[in-house]
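Scroll down for the structure; my scribbles are underneath it.
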Amino acid sequence: MSTFTLSIISDTKIIYSGKVRYCGIVSINGAIGFEANHEPFMGILKPGSEIEYIDENGTGETVTVEDGMLKFTDNQCSIIVSV
């Protein structure tokens, strides 16, 4: 299965950095999921939402955040968060 690079970063630490198959977030405009080669996207996370991702081995994880913003471009997804 195709993967993309996901980085979830707060002001104090790198929460996750690596290859994933999927990442799902809830933006202020609704839920959206990302897979490899998704079209470019920028958005603001809904306050108090969760980020779900499935790594390249198929293991799912969830991160709860206070707020944040996301950018997906060139098969890379960067999410800057407050936790």
Side-chain angles (χ1 to χ4, degrees):
M1 179 171 237
S2 296
T3 62
F4 62 94
T5 302
L6 173 65
S7 299
I8 304 172
I9 303 165
S10 77
D11 62 342
T12 58
K13 65 180 178 177
I14 297 171
I15 297 167
Y16 180 83
S17 182
K19 298 285 187 180
V20 297
R21 298 179 184 178
Y22 171 83
C23 177
I25 59 107
V26 179
S27 76
I28 58 173
N29 295 318
I32 187 168
F34 300 91
E35 293 182 335
N37 303 307
H38 194 280
E39 65 184 34
F41 179 87
M42 290 184 72
I44 298 171
L45 301 181
K46 180 179 176 183
S49 64
E50 295 180 336
I51 301 168
E52 298 177 351
Y53 61 91
I54 300 172
D55 69 19
E56 63 186 333
N57 299 315
T59 303
E61 298 287 336
T62 302
V63 177
T64 303
V65 299
E66 290 180 20
D67 56 28
M69 53 192 246
L70 172 144
K71 176 183 175 187
F72 191 106
T73 187
D74 297 326
N75 218 31
Q76 296 183 27
C77 183
S78 300
I79 308 175
I80 310 300
V81 300
S82 295
V83 291

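For this chain, numbers begin at 1 and follow the sequence in order.
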Side chains of residues 5-15: which donor-acceptor pairs under 3.5 Å do they make with residues two or more places apart or in other chains?
unit_1: Thr5; atom_1: OG1; unit_2: Lys19; atom_2: NZ; d: 3.3
unit_1: Ser10; atom_1: OG; unit_2: Thr12; atom_2: N; d: 3.2
unit_1: Ser10; atom_1: OG; unit_2: Thr12; atom_2: OG1; d: 3.3
unit_1: Ser10; atom_1: OG; unit_2: Lys13; atom_2: N; d: 3.2
unit_1: Ser10; atom_1: OG; unit_2: Lys13; atom_2: O; d: 3.4

Apart from Tyr22 itself, residues in the same hydrophobic cluster as defined by side-chain heavy atoms under 4.5 Å: Ile54
Under the side-chain hydrogen bond (donor to acceptor under 3.5 Å, both in side chains) rule, what pairs show up with a residue in residues 49-59, not counting sequence neighbours? none
Residues 24-36 side chain polar contacts: donor-acceptor under 3.5 Å, at least two apart:
unit_1: Ser27; atom_1: OG; unit_2: Asn29; atom_2: N; d: 3.0
unit_1: Ser27; atom_1: OG; unit_2: Gly30; atom_2: N; d: 3.3
unit_1: Ser27; atom_1: OG; unit_2: Gly30; atom_2: O; d: 3.0

Solution key, residues 73-83 side-chain donor-acceptor pairs under 3.5 Å, sequence neighbours excluded:
unit_1: Asn75; atom_1: OD1; unit_2: Asn37; atom_2: N; d: 2.6
unit_1: Asn75; atom_1: ND2; unit_2: Thr3; atom_2: O; d: 3.2
unit_1: Ser82; atom_1: OG; unit_2: Asp67; atom_2: OD1; d: 3.1

